[in-house]
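Because only heavy atoms are used, hydrogens play no part in the values below, and waters and symmetry mates are left out as well, while side chains stay in.
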Amino acid sequence: MENQLVKRVYGCVLLTLLIVHLGCSKSDVDSTGNPQSQSIDGHARMVKLLEEVADQAETDNEYFQLKEIEDLRYQLSNAPAVGMLEDKFFLNWRLGPLYLNLGKNDEAIQHLEEVYKMTPQVADNLTEEQVNTILMDLAVAHLRKGEAQNCIHCQTGESCILPIRGAGVHSKESGSRESIKYLNMLLDRDPKNLTAAWLLNVTHMTLGEHDKLKTSQYYISSERIARGSDFPEFHDISRDAGIAEISCAGGSSADDFDNDGDIDLIVSNWDVRGQLKIFLNNGDGTFTDFTTEAGVTGITGGLNIIHADYDNDGDLDLFILRGAWMGKIGKYPNSLLQNDGSARFRDVTFEAGLGDEHFPTQTAAFADYDNDGDLDLYVGNENRTSNLFQNDGKGHFKDVAKQAGVNVTTFAKGVVWGDYDNDRWPDLYISNGSGPNLMFHNNGDGTFDDVSKKLRVTRPHDSFPVWFWDYNNDGHLDLYASCYKVGVRYVAAEYFGHDLSDDHYPCLYQGDGQGGFVDKSTELGLDTVAQPMGANYGDLDNDGFPDFYLGTGYTEYYALMPNRLFHNVGGTKFEDVTISARVGHLQKGHGVAFADFDSDGDQDLFIETGGAFRGDAFRNVLFENPGFNKNFVQLKLEGVQSNKSAIGARIRVDIIEDGKKRSIYRRVGTGGSFGANPLTQHVGIGTATKIEKVEVYWPTSDTTQQFETIEPSATYLIREGDDAVQKISSEQNLTQAAQSN
């Protein structure tokens, strides 16, 4: 009897250790205390697969190359002491950028300086362009060294914000001074090099010496840099908040993942060894790194993440997208992470039917396309057939793209759902990075029709982030499609006052609610070069009209250009307020999220920064909203017959402002295609002190609810089918109220 008891205790201890080791949540154990072996094995299988992916990537992936450096170093060390000059030259030239990619700036500079010294001896075998490239490589390497010494670990939040000033000016000057030397040499050889001219201005700013360029033909005046309208200044508080994680490019999801009522933050890192990070909101303006406790150790990589309650159990799950930009070697698995309600996650990709094939992707979107009450998933792949995964309501997905007629092959960079013709059925738009964009109309019978050309929404042809929204509050969905025709020279050309063709500009298609669209981008003031990657929208000044932020950049180190903020002026035009708001960060912007992280009634702005290479990593940025003295209301919708996340539900808020009645429209979703906002809708109502009515339309059940008891500056839970709303006195009580019913 005693031996049996000992065996049982010993068995329980082993079981507990196994569960902890695999990072399993409570949901991994059934009612008898036995582990659910399938989900445990699935999670462990994913962690193991990601480790194998990382090992392979450091052999054959250009972004994380380690093996090539070893090979080149061996060749260089074994080159004859005399002769073979060209071999040494090109070995050094290859090693320099490779070291820079890994963040080994001193080693990179050492090899590139050696290249520069040897250049006169091999000049006869070099083109003008190659010599210019050597000078640019040296300028960028020294500039990056200066950034590493002064900016990445900066304590003030002022670094790398255009125009660079105050605490953003470099105290360690050698990197910038050396960079200026090589930029001047390059411009002496190539006076029309706009990229070098732009970087010359930026580098002088890092030294606080921009005015010294005034007599130069390459000077960009302060007035031209400060173009745009006035807006209150924001300030980067990421370090004080405890989320200044340094990483490569990645996605961001902002929402309440632990069901305590405040907004948490999850960020990915596309580095194949970059750990997914879970930051829980402490409710006092700070966050706690909950990554280990969340059970996601070993869940690495991912350029983008989205969230939704795919299994209708009342908490928010994650979908991580991997392999983008990597071509044939980018067949990395995506991850579906199931939440147990307390921000503890397990990978259920394989058991959910999402891990059968691996294609390079960075974009996906949830929607209930068949109106059966659960969320389906469209995944846009790069140069591979995309997938439409239909949810069976039991936690499993089946690819029905072919039957539905959306099995297209594009270089998909953004996918979004939106019911543009108000017929209850969500339609699909695909942003294509290498050709015309696509619009698919949902027929309501499980099939779609390609209406792209008919609706004239195929431009721009070099497209990236995209979203549906109602920018002018007329109740009809509009469509923003960005332009990603990359090149610092195009950004510089605009600052120097050069004219550009309209194929460098985005399209903002105004919808009429009946299926028609008209491009209004020029009329609205959006004929400007931005080259966005991460992007999203929200209402920063609580006036009821959505503003938007573009995270700019691409893989090259020299792609230092300001991220851009556009203020919506009453739905009539957009004004560039980047400089006055102090949000023109020069580091590459990826996952963007608008959210009221500090629960003070206005939305703050989060940007996951950092480039593609490990050496181009940077820290996250959180711009705190200074406040606009305007009112708001927050509406958390919960589906019953519809999907529990309420994705796709329509909201109308009627207010009286300055004696005039107006309506504000929202549709539940996470915003843009690269960065995810909370599903709880933050609705600015301007100076209104009274809300006349809130109306919610549920497409799945085809029902409408109306409420006249909602007050400003509060949060409400609206459940599908309920006759009354629940006012939540504080965000911390939101989930308690939901669970009590």
Side-chain angles (χ1 to χ4, degrees), residues 85-86 88-101 104-151 160 162 164 169-170 172-221 225 487-493 495-496 498 555-561 586 615-616:
L85 182 63
E86 280 194 34
K88 292 180 182 178
F89 175 87
F90 284 106
L91 286 170
N92 276 287
W93 196 9
R94 180 59 183 147
L95 277 166
L98 283 174
Y99 274 119
L100 189 64
N101 292 346
K104 297 182 180 296
N105 299 316
D106 288 333
E107 291 90 336
I109 290 171
Q110 176 185 343
H111 286 285
L112 290 172
E113 292 284 6
E114 190 67 23
V115 170
Y116 178 69
K117 291 177 185 176
M118 289 189 284
T119 296
Q121 302 172 63
V122 297
D124 291 343
N125 295 319
L126 297 177
T127 66
E128 286 288 312
E129 184 178 354
Q130 285 178 313
V131 176
N132 291 347
T133 300
I134 292 168
L135 293 173
M136 177 62 83
D137 286 346
L138 276 163
V140 170
H142 282 288
L143 179 56
R144 186 58 188 175
K145 180 177 180 179
E147 290 176 333
Q149 291 175 329
N150 294 274
C151 307
C160 294
L162 191 74
I164 298 169
V169 173
H170 292 187
K172 298 179 180 179
E173 300 181 349
S174 61
S176 290
R177 297 224 177 268
E178 286 296 301
S179 181
I180 288 172
K181 180 179 76 174
Y182 289 109
L183 287 171
N184 280 325
M185 292 171 63
L186 174 54
L187 287 166
D188 285 344
R189 295 174 54 87
D190 183 10
K192 294 183 179 181
N193 191 316
L194 292 178
T195 299
W198 167 257
L199 291 177
L200 188 67
N201 281 267
V202 171
T203 310
H204 273 83
M205 287 182 202
T206 67
L207 298 172
E209 299 176 354
H210 189 226
D211 284 348
K212 287 188 176 181
L213 275 178
K214 275 188 174 180
T215 58
S216 168
Q217 62 176 312
Y218 306 115
Y219 177 64
I220 302 175
S221 70
I225 288 174
V488 173
R489 63 189 182 277
Y490 301 130
V491 175
Y495 276 94
F496 281 110
H498 300 176
T555 57
E556 297 292 348
Y557 272 89
Y558 56 73
L560 293 174
M561 58 193 80
L586 289 169
D616 206 12

*Asks:* A side-chain contact here means heavy atoms from C-beta on lying under 4.5 Å apart; do V122 and Q130 qualify?
*Replies:* no

*Asks:* Scan residues 104-125 for pairs that pass salt bridge (Lys or Arg N to Asp or Glu O under 4.0 Å), counting only residues two or more places apart or in two chains.
*Replies:* D106-K145

*Asks:* Any chance NZ of K212 has more than 12 other-residue heavy atoms, nucleotides or ligands included, within less than 6.0 Å?
*Replies:* no

*Asks:* Start with the C-alpha gap between M205 and L162, add the side-chain angles, then the distance that decides, and say whether side chain to side chain contact (heavy atoms under 4.5 Å, CB included) holds.
*Replies:* CA-CA 9 Å; M205 287 182 202; L162 191 74; 3.6 Å; yes

*Asks:* Under the side-chain contact (heavy atoms from CB on, under 4.5 Å) test, which residues partner K192, sequence neighbours left out?
*Replies:* D190

*Asks:* Using atom types as modelled and distance alone, determine if a side-chain donor or acceptor of R144 lies under 3.5 Å from a backbone N or O of Y557.
*Replies:* no

*Asks:* Over 60° means perpendicular and under 30° means parallel, so tell me whether H142 and Y182 are parallel, tilted or perpendicular.
*Replies:* parallel

*Asks:* Just by distance, do the side chain of N92 and the backbone of V115 share a donor-acceptor pair under 3.5 Å?
*Replies:* no

*Asks:* Given side chains that start at C-beta, do those of V488 and E556 come closer than 4.5 Å, heavy atoms only?
*Replies:* no

*Asks:* Pick one: which of Y558, Y116, W93 meets side-chain hydrogen bond (donor to acceptor under 3.5 Å, both in side chains) with D137?
*Replies:* W93

*Asks:* Test N193 against every option in L183, N132, L187 by the side chain to side chain contact (heavy atoms under 4.5 Å, CB included) rule and name the one that passes.
*Replies:* L187

*Asks:* Any donor-acceptor pair under 3.5 Å linking the side chain of T203 with the backbone of L200?
*Replies:* no

*Asks:* With E128, which residues qualify under salt bridge (Lys or Arg N to Asp or Glu O under 4.0 Å), at least two apart?
*Replies:* R189

